[in-house]
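As the structure is a prediction and not an experimental result, all values here were calculated from the model.
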Amino acid sequence: MNRFFVVLGVIAALLFGTLVRQARISLEPASDSADAQLFEVDQDASMALVARNLADAGLVRSALATRLLARWLDLDGRLHVGEYELSAEQSPREILEIVTSGRVKLWSITIPEGSRLTDVAVRLQDAGLTDGDDFLRVVTDPLIAARLGVPGDSLEGYLYPDTYLLPRGLDPDEIARTMVQQFERVWRNELAARAIGSKLSKDQIVTLASIVEKETAAPEERPLIAAVFLNRLARGMRLETDPAVIYGISDFDGNLRTVHLRDDSNPYNTYRIPGLPPGPIANPGVDSLRAVITPRKSDYLFFVSKNDGSHEFSVRYEEHAAAVDRYQRRSRSHATSETR
């Protein structure tokens, strides 16, 4: 009888040792491969499902062992929705700590200076970060604009052009809030003190800066472009800027015509309506904003594109007309009344 129990004890010890060894192996990294792969935790996913998906993806050796480990570490029920960058060389414990920490994969996206709301929506959708139509609904909602402290009916002008690191699946309103907060941060840190001496309100500065942004891509010209528009405003002259007119044409086909410049129903038609348009026509960067706040001192009232990325500036209309003849008259029938 004693021999029987001895044998039984030996067998039990062997089985226990095997189980312990198997459990230890199950909680080791699934592979020595450091190749990263994306793993997504869906909304309302359970730890059991996540453990199974981790095993199916080859990121852990055992779904059961991973699930039991989560319970042992008191991580069950602490999952965070999102995409995670994981590798099979990480231990199940490391992986569990990551997917319960919220350290989701961030994607870099750059919003260029001068982008319109529609441009931002397209970039976000192309990057797979959010649905473009959903984002447009958010950024054109007057209630959301008011909640974020933005004047007007949309966030045009206040989605600061910059490079952002964003997770996929972020609500469109959170993306918009992030961009508006970045605008406010730049305004507060780099522009607010200088803007105190401006005769324009903050929204007027943003509006004019958006026009400057669309008129030239040459940083050195922006203070001079801004000066032209400020001089015209001070003299009660219409701005006569094509980008503003184009912004107000919903079905613009790329060809600005005389009929567009004569359209009194377009609130952005600065050829017919004096003063600034109703609001920004794009999202300006800090250089254009700074150019409006601290323009270059000049008497220029006109400028025209030289078709090489630069412009020729004039004080008198006769000089401007001659410049238009040189650079634009042959290809643009409406050049007699334009400032570009």
Side-chain angles (χ1 to χ4, degrees), residues 109-117 119-120 139 145 148-152 154-164 176-235 237 239-244 247 268 270 275-306 309-315 339-340:
I109 182 169
T110 299
I111 306 301
E113 297 174 344
S115 298
R116 293 170 51 172
L117 296 181
D119 301 324
V120 178
V139 297
L148 293 177
V150 174
S154 78
L155 301 183
E156 190 78 272
Y158 293 86
L159 299 181
Y160 189 72
D162 207 341
T163 296
Y164 295 90
R177 181 186 300 276
T178 297
M179 294 180 177
V180 172
Q181 287 176 341
Q182 179 64 0
F183 171 89
E184 294 296 343
R185 191 175 298 112
V186 171
W187 178 269
R188 181 175 61 253
N189 294 340
E190 302 188 38
L191 302 168
R194 298 183 184 186
I196 293 175
S198 176
K199 295 180 180 180
L200 302 180
S201 68
K202 180 180 178 180
D203 192 49
Q204 288 173 327
I205 290 171
V206 176
T207 297
L208 185 52
S210 71
I211 295 174
V212 172
E213 191 74 69
K214 299 301 284 187
E215 283 284 8
T216 182
E220 67 278 5
E221 281 195 344
R222 287 168 182 156
L224 206 51
I225 296 283
V228 169
F229 288 129
L230 288 167
N231 289 341
R232 292 176 74 90
L233 287 172
R235 290 163 175 75
M237 299 172 66
L239 296 184
E240 299 184 350
T241 169
D242 290 0
Y247 186 82
Y268 290 86
T270 54
L276 290 166
I281 64 170
N283 294 282
V286 67
D287 288 340
S288 292
L289 290 162
R290 191 181 290 119
V292 173
I293 294 171
T294 54
R296 188 179 305 173
K297 291 184 178 180
S298 81
D299 296 324
Y300 289 136
L301 293 172
F302 307 93
F303 61 88
V304 63
S305 172
K306 294 162 67 174
S310 65
H311 295 80
E312 181 154 327
F313 296 83
S314 305
V315 175
T339 62
R340 298 176 65 245

Side-chain donor/acceptor pairs under 3.5 Å, residues 292-303, sequence neighbours excluded:
from, atom 1, to, atom 2, distance (Å)
Thr294, OG1, Arg290, O, 2.8
Arg296, NH2, Glu220, O, 2.9
Ser298, OG, Tyr300, N, 3.4

Completion exercise
So the ring pair (Phe, Tyr, Trp, His ring centres under 6.0 Å) pairs with at least one residue in residues 181-209 (sequence neighbours excluded) are Tyr158-Phe183
Exercise for the section: Kindly say whether Leu117 contributes a backbone atom to a donor-acceptor pair with the side chain of Glu156 at under 3.5 angstrom? Expected result: yes
Exercise for the section: Kindly write out the residues that satisfy side-chain hydrogen bond (donor to acceptor under 3.5 Å, both in side chains) with Asp162, not counting sequence neighbours, or none if the list is empty. Expected result: Gln182
Exercise for the section: Could you list the residues that satisfy side-chain hydrogen bond (donor to acceptor under 3.5 Å, both in side chains) with Thr178, not counting sequence neighbours? Expected result: none
Handout entry: Derivation and outcome, side-chain contact (heavy atoms from CB on, under 4.5 Å), residues Ile111 and Leu159
Key = CA-CA 9 Å; Ile111 306 301; Leu159 299 181; over 6 Å; no
Exercise for the section: Taking all heavy atoms of Ala176 and all of Val139, pick out the closest pair and write down the distance. Expected result: CB-CG1, 4.0 Å
Exercise for the section: If a pair satisfies ring pair (Phe, Tyr, Trp, His ring centres under 6.0 Å) and one of its residues is in residues 191-226, list it, with sequence neighbours excluded. Expected result: none
Practice task
Quick one: list whatever passes salt bridge (Lys or Arg N to Asp or Glu O under 4.0 Å) with Glu221, sequence neighbours left out.
Solution key: none
Problem - Under 3.5 Å: donor-acceptor pair, side chain of Ser288, backbone of Gly285 - result: no
Problem - Check: Lys214 side chain, Ala244 main-chain N or O, donor-acceptor pair, under 3.5 Å - result: no
Practice task
State, without any angle test, whether Thr241 and Glu215 hold a side-chain donor-acceptor pair at a distance under 3.5 Å.
Solution key: yes
Practice task
List in chain and number order the residues that pass side-chain hydrogen bond (donor to acceptor under 3.5 Å, both in side chains) with Glu312, two or more places apart in sequence or in another chain; answer none if no residue qualifies.
Solution key: Arg326, Tyr327
Problem - Tyr160: partners by side-chain hydrogen bond (donor to acceptor under 3.5 Å, both in side chains), with sequence neighbours left out - result: none
Exercise for the section: Sorted by first residue and then second, give each ring pair (Phe, Tyr, Trp, His ring centres under 6.0 Å) pair with at least one member in residues 188-218; sequence neighbours left out. Expected result: none
Practice task
Mind jotting down which residue pairs meet the salt bridge (Lys or Arg N to Asp or Glu O under 4.0 Å) criterion with at least one end in residues 193-203? Sequence neighbours excluded, please.
Solution key: Glu184-Lys202
Completion exercise
Taken in chain and number order and not counting sequence neighbours, the residues that satisfy side-chain contact (heavy atoms from CB on, under 4.5 Å) with Pro219 are Arg222
